[in-house]
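These notes are about the structure you will find just below.
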Amino acid sequence: MSSPPAIRAGRLQDRLAAFAAIGATAKNGVNRQALTAGDRQARRLLAELGSARGFAVSQDAAANLFLRREGRDPSLPPLLLGSHLDTQPTGGRFDGALGVLAALEVLEALADAGVETPRAVEVVAWTNEEGSRFSPGCFGSRAFAAGRIDPAWENALSLDGERLGDELAATLAALTEAAMRPLGGTIAGYLELHIEQGPVLEREEIAVGAVTGIQGTRWLEIAIAGAAAHAGTTPSSFRRDPMVAAAASLHDLYGNVMPRDENARLTVGRLRAEPGSINAVPERVIFSVDIRHPDPARLDAIEAHVRRTCAHAAAAAGCRSEASILFDMPPLTFPDAMVALVEDAATRQGFSVRRMVSGAFHDALFVARVAPAAMIFVPCRDGISHNEAEDVEPRHAAAGAATLLECALAAA
Ligand code: GLV
Ligand code: MN
Ligand code: MN
């Protein structure tokens with residue numbers, strides 16, 4: 001009699017190390033932003049690992065990459081397991097990669113044990129989850145759920161002036177041996193393992209988080225326009241300085257939004273002055289505002305507050321402010337049966353488990369629009385993520401992968 005499928009923790013660690021080497025930074029992190037040469041190299045390695053095990057490799061027009069292990073009945077919709085391989089500019093080794101490589105480990109564990117599943121199980125690596133090189137994020141999973149690529153997304157430009165559509169075409173062309181498949185399609189369900197990216201599981205010494213939902217995210221871009229002027233000669237009464245307005249806006253936003261609502265998050269992670277000359281009052285200052293809240297009405301209220309604050313600060317400085325929405329994701333609740341699937345799987349394996357809401361967004365948010373989806377969280381050290389110091393204990397990575405395998409066996 002063959003033994004039941006089991007995760008090989010050492011193999012998972014080796015894979016995590018191999019992918020962490022692609023785009024490795026001096027501080028032990030990873031810079032493998034979406035659709036760069038590093039991203040293409042990581043996709044190639046995943047495709048090679050899959051081919052070596054006899055899994056069918058395919059990609060769609062959004063460069064989502066799939067490895068398929070066939071089931072008994074190929075006509076049944078597959079179960080999808082995955083996450084993303086792109087990282088933040090100063091990202092860690094686990095955000096995204098853990099979910100993809102644990103999914104590969106599940107496929108290999110099934111193959112090692114010779115288990116035949118009724119339906120196919122597929123690993124997916126979604127394109128551009130992070131949204132830091134090309135905004136907005138979750139490009140691949142959104143395109144998959146919509147069954148189409150919005151032409152507006154293809155025209156997104158990176159800070160270095162590259163067009164997403166061009167980088168996408170080059171990324172697809174770099175992996176011609178992957179069969180092209182239609183974008184979207186029917187799937188039976190989707191499971192995503194991810195690091196928590198926050199401190200709760202570690203603090204409570206709990207091995208597994210069963211994610212009940214994802215809080216809402218809204219990204220705004222604020223552009224404040226004033227008048228360029230000579231830095232050495234222009235007295236303040238003659239200036240229309242957008243930096244003065246930006247500084248006043250940020251002072252108000254940081255002083256009022258989070259301090260008045262413990263569930264709110266507000267982050268200005270990108271700010272630039274144009275033309276960006278040391279000795280000129282800038283013509284324009286442009287900054288991003290990332291707002292998060294579990295309650296959509298509060299997201300609306302915070303957005304209105306941001307718009308009002310920036311408009312007032314701009315007017316006071318003789319400038320004009322414009323706000324545009326870059327990304328808007330309402331909060332999501334996963335189906336209770338899927339949350340219970342994770343809880344039961346973790347419990348059967350002997351892992352402690354708790355229900356929790358995700359503060360970060362994930363590809364599961366979009367895949368949940370077309371199929372029942374669930375997410376499994378594991379602890380990360382000090383809750384640190386979007387940082388090169390991100391770290392996950394091998395036992396936690398293995399527990400997450402074992403829970404993913406258990407869920408997959410139940411769902412496939
Ligand atoms: C995902 O990377 C997020 O910013 O929540
Ligand atoms: Mn992620
Ligand atoms: Mn991330």
Side-chain angles (χ1 to χ4, degrees), residues 16 19-20 23 25 29-36 38-39 42 64 81-103 123-142 190-201 209 211 213-221 263-270 288-294 299 326-332 356-368 373-380 383-392 397 400 404:
L16 285 164
F19 280 78
T25 64
V30 183
N31 177 4
R32 193 173 57 229
Q33 294 179 69
L35 305 174
T36 56
D39 192 11
N64 297 315
L81 318 174
S83 193
H84 59 99
L85 289 173
D86 66 308
T87 72
Q88 290 282 314
T90 52
R93 291 174 291 141
F94 300 92
D95 175 1
L98 176 64
V100 174
L101 299 177
V123 174
V124 57
W126 303 110
T127 301
N128 184 26
E129 187 272 349
E130 294 290 359
S132 46
R133 181 165 185 239
F134 293 107
S135 162
C138 297
F139 166 81
S141 50
R142 271 199 315 170
Y190 175 65
L191 302 169
E192 180 167 355
L193 170 68
H194 206 282
I195 60 171
E196 180 200 337
Q197 307 185 277
V200 176
L201 292 173
V211 183
I214 298 181
Q215 72 172 344
T217 301
R218 204 165 290 175
W219 288 356
L220 302 180
E221 184 172 81
N263 292 320
R265 301 285 180 272
L266 181 142
T267 304
V268 175
R270 182 178 286 171
S288 58
V289 186
D290 175 317
I291 311 165
R292 316 271 176 133
H293 207 289
L299 273 181
L326 300 179
F327 195 22
D328 183 13
M329 292 186 287
L332 171 92
M356 63 195 306
V357 174
S358 174
F361 61 76
H362 297 285
D363 292 305
L365 182 55
F366 291 94
V367 188
M375 286 196 75
I376 302 162
F377 275 179
V378 290
C380 53
I384 293 172
S385 185
H386 285 191
N387 183 318
E388 292 156 285
E390 185 182 271
D391 200 11
V392 174
L404 184 67

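Every number for a ligand or one of its atoms is a count from 1 in the order of the listing.
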Q | Heavy-atom closest contact (Leu98 atom, Ala397 atom, distance) | A | CD1-CB, 3.9 Å
Q: State, without any angle test, whether Trp219 and Asp290 hold a side-chain donor-acceptor pair at a distance under 3.5 Å.
A: yes
(Q) Below 2.8 Å, can you find an N, O or S atom of His362 next to the Mn ion (ligand 2)? (A) no
Q | Whether Ser288 side chain and Arg270 backbone form a donor-acceptor pair below 3.5 Å | A | yes
Q: Step by step, work out the side-chain contact (heavy atoms from CB on, under 4.5 Å) result for Gln197 and Phe377.
A: CA-CA 9 Å; Gln197 307 185 277; Phe377 275 179; 5.9 Å; no
Q. Between Asn128 (side chain) and Ala34 (backbone), is there a donor-acceptor pair under 3.5 Å?
A. no
Q | Within-4.5 Å side-chain heavy-atom neighbours: Glu129 and Leu85 | A | no
Q: For atom 4 (O) of ligand 1, find the nearest protein heavy atom and state the residue, atom name and distance (0.1 Å precision).
A: Arg292 NH2, 2.9 Å
Q) Any idea which protein heavy atom is nearest atom 3 (C) of ligand 1, and the distance to it? A) Phe361 CE2, 3.3 Å
Q) Between His84 and His194, does a side-chain contact (heavy atoms from CB on, under 4.5 Å) hold up when you go through it step by step? A) CA-CA 10 Å; His84 59 99; His194 206 282; 3.7 Å; yes
Q: Have a look at His194 and say which of its N, O or S atoms is nearest the Mn ion (ligand 2).
A: NE2
**Q.** Gln197 heavy atom under 4.0 Å from ligand 1
**A.** no
Q: Would you check if there is a donor-acceptor pair between the side chains of Thr90 and Glu388 at a distance under 3.5 Å?
A: no
Q | Heteroatom test (N, O or S) for Glu130 near the Mn ion (ligand 3), limit 2.8 Å | A | yes
Q | Heteroatom proximity flag, His386 to ligand 1, N/O under 3.5 Å | A | yes
Q) Between Arg218 and Phe327, is any pair of side-chain heavy atoms under 4.5 Å apart? A) no
Q. Quick one: does His362 get within less than 4.0 Å of ligand 1, heavy atoms only?
A. no
Q) Counting each atom of ligand 1 from 1 as listed, which ones have a heavy atom of Ala360 under 4.0 Å away? A) 5 (O)
Q) Nearest protein heavy atom to atom 2 (O) of ligand 1, by residue and atom, and its distance? A) Glu130 OE1, 3.0 Å
Q) Given NE2 of His84 on one side and OD1 of Asp95 on the other, what angle do they make at the Mn ion (ligand 2), to 10°? A) 90°
Q.
Would Gly359 count as being in polar contact with ligand 1, using the rule that some N or O on each side must be under 3.5 angstrom apart?
A. no
Q | Atoms of ligand 1, numbered as shown, that sit under 4.0 Å from any heavy atom of Glu129 | A | 1 (C), 2 (O)
